[in-house]
Amino acid sequence: MQFKTLVFFFLISASSFGQEIGIVKNGNYSIKLLKIDKLFSFTYSDLNSKNSNDVNSFDFPNIDTMYQIVMDGFDYHNDHQVIVQTSKDTIVKFDFKKVNGEKMLMIRQRSLLSKKLSTSTFFTKDEIIKLFGNS
């Protein structure tokens, strides 16, 4: 009986972590792209937290659509924001800003239920391309 419980726990644990597609580190902060079952997930360090190990995440169903949204954001000349509702209670804002002459992306996420706001560090276009890897 104990063996079955252990196997069940392992299967549940393995599926909750998913397959890592890519990771980018920026000092103490990072962003990961994961595939969990039929969904994809961005998991990133939260700048708003006092602990750099605190992470936040959001899921999306189509990696190609998300890639296109992000890459189009880098190609637009002005600083701007793209707002996406990823679930009924999660709003994600992709902030594109020029920092030292280079277009950068910062992710801001708001949970409508908990009213929590989280923010990633800035990432370059090359870092985001690396994050998506060969997906």
Side-chain angles (χ1 to χ4, degrees):
M1 187 66 137
Q2 190 174 18
F3 177 74
K4 286 182 183 178
T5 304
L6 181 62
V7 169
F8 178 73
F9 175 74
F10 176 77
L11 290 175
I12 295 297
S13 296
S15 68
S16 67
F17 291 111
Q19 171 193 357
E20 187 176 290
I21 295 172
I23 183 170
V24 173
K25 294 188 179 195
N26 187 342
N28 291 334
Y29 300 97
S30 66
I31 186 168
K32 292 181 186 180
L33 176 59
L34 305 171
K35 182 175 183 186
I36 303 169
D37 296 324
K38 294 181 181 182
L39 287 176
F40 297 90
S41 180
F42 276 134
T43 302
Y44 59 91
S45 305
D46 185 359
L47 281 177
N48 296 338
S49 173
K50 294 176 183 164
N51 180 352
S52 66
N53 292 327
D54 284 350
V55 295
N56 222 343
S57 66
F58 62 91
D59 300 327
F60 50 96
N62 188 309
I63 194 169
D64 296 326
T65 301
M66 187 58 67
Y67 182 80
Q68 196 62 51
I69 289 170
V70 173
M71 288 300 111
D72 287 351
F74 278 109
D75 292 337
Y76 192 73
H77 295 291
N78 298 327
D79 290 354
H80 67 286
Q81 197 175 67
V82 176
I83 301 171
V84 178
Q85 186 163 358
T86 60
S87 69
K88 66 180 179 178
D89 65 342
T90 302
I91 304 286
V92 176
K93 296 176 182 178
F94 296 100
D95 284 335
F96 294 91
K97 296 185 186 282
K98 269 198 175 171
V99 178
N100 296 325
E102 183 174 19
K103 185 71 67 95
M104 306 284 278
L105 168 64
M106 175 187 280
I107 298 170
R108 298 178 190 270
Q109 178 181 345
R110 176 170 298 281
S111 168
L112 300 175
L113 293 177
S114 69
K115 306 292 187 212
K116 181 181 177 188
L117 177 66
S118 62
T119 305
S120 76
T121 188
F122 279 107
F123 294 98
T124 66
K125 183 176 183 178
D126 287 342
E127 289 173 325
I128 297 299
I129 289 170
K130 178 183 172 190
L131 178 69
F132 278 86
N134 294 327
S135 59

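One is the number of the first residue; the rest follow in order along the sequence.
Shown are Leu33, Ile129, Leu131; of these, the side chain to side chain contact (heavy atoms under 4.5 Å, CB included) with Tyr67 is made only by Ile129.
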Go through Met71 and Lys125 one step at a time and tell me if the side-chain contact (heavy atoms from CB on, under 4.5 Å) criterion holds.
CA-CA 8 Å; Met71 288 300 111; Lys125 183 176 183 178; 3.9 Å; yes
Given the rule in the side-chain contact (heavy atoms from CB on, under 4.5 Å) test, do Val82 and Asp72 qualify, once you have shown the distances and angles that lead to the verdict?
CA-CA 10 Å; Val82 176; Asp72 287 351; over 6 Å; no
Ile21 vs Phe132, test: side-chain contact (heavy atoms from CB on, under 4.5 Å). Steps then yes/no.
CA-CA 7 Å; Ile21 295 172; Phe132 278 86; 5.8 Å; no
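Scanning all heavy atoms of the two residues, the minimum distance from Ser30 to Phe123 falls at C-CZ, 4.1 Å. In plain terms, the two heavy atoms of Ser45 and Asn28 that are nearest each other are OG-O, 4.2 Å. Nearest heavy atom pair, residue Glu127 against residue Lys25, reads OE2-O, 4.4 Å.
Taking Ser111 as the reference, Leu113, Ser114 meet the side-chain contact (heavy atoms from CB on, under 4.5 Å) condition, with sequence neighbours excluded. Residues forming a salt bridge (Lys or Arg N to Asp or Glu O under 4.0 Å) with Lys103 (at least two apart in sequence, or on another chain): none. Under the rule for a ring-ring contact (aromatic ring centres under 6.0 Å, His included), the partners of Phe74 that lie at least two apart in sequence or sit in another chain are Phe96. In terms of the side-chain contact (heavy atoms from CB on, under 4.5 Å) criterion, residue partners of Asp79 (sequence neighbours excluded) are, by chain and number, Lys97, Lys98. Residues passing the side-chain hydrogen bond (donor to acceptor under 3.5 Å, both in side chains) test with Thr65, sequence neighbours excluded: Asn62.
A single hydrophobic cluster is seen to contain both Leu112 and Ile83, as judged by linkage of ILVMFWY side chains at heavy-atom distances under 4.5 Å, directly or through other members. Linking ILVMFWY side-chain heavy atoms closer than 4.5 Å, directly or via other members, places Phe42 and Val84 in a single hydrophobic cluster. Under the 4.5 Å side-chain heavy-atom criterion for grouping Ile, Leu, Val, Met, Phe, Trp and Tyr, Val99 is connected to Met106 within one hydrophobic cluster. Taken together through direct or relayed side-chain contacts under 4.5 Å among Ile, Leu, Val, Met, Phe, Trp and Tyr, Leu105 and Ile91 form parts of separate hydrophobic clusters.
Relative ring orientation between Phe58 and Phe60 is described as tilted, the plane-to-plane angle lying within the 30° to 60° band.
Checking side-chain atoms of Gln85 against main-chain N and O of Lys88 turns up a donor-acceptor pair under 3.5 Å. Using a distance-only test at 3.5 Å, with no hydrogens or angles considered, a donor-acceptor pair links the side chain of Gln109 to the main chain of Ser57. A donor-acceptor distance shorter than 3.5 angstrom exists from the side chain of Asp46 to the backbone of Thr119, with no hydrogens or angles considered. In this structure, the side chain of Arg108 does not engage the main chain of Phe94 through any donor-acceptor pair within 3.5 Å. With hydrogens and angles disregarded, a donor-acceptor distance shorter than 3.5 Å links the side chain of Asn26 to the backbone of Phe122.
Residue Leu117 belongs to no hydrophobic cluster, having no ILVMFWY side-chain heavy atom closer than 4.5 Å to its own.
In this structure, a donor-acceptor pair under 3.5 Å is present between the side chains of Asp59 and Ser41.
In this structure, the separation between CE on Met104 and OG1 on Thr121 is 7.0 Å, given to the nearest 0.5 Å. The CD1 atom of Ile31 sits 10.0 Å away from atom CD1 of Ile23, with the distance rounded to the nearest 0.5 Å.
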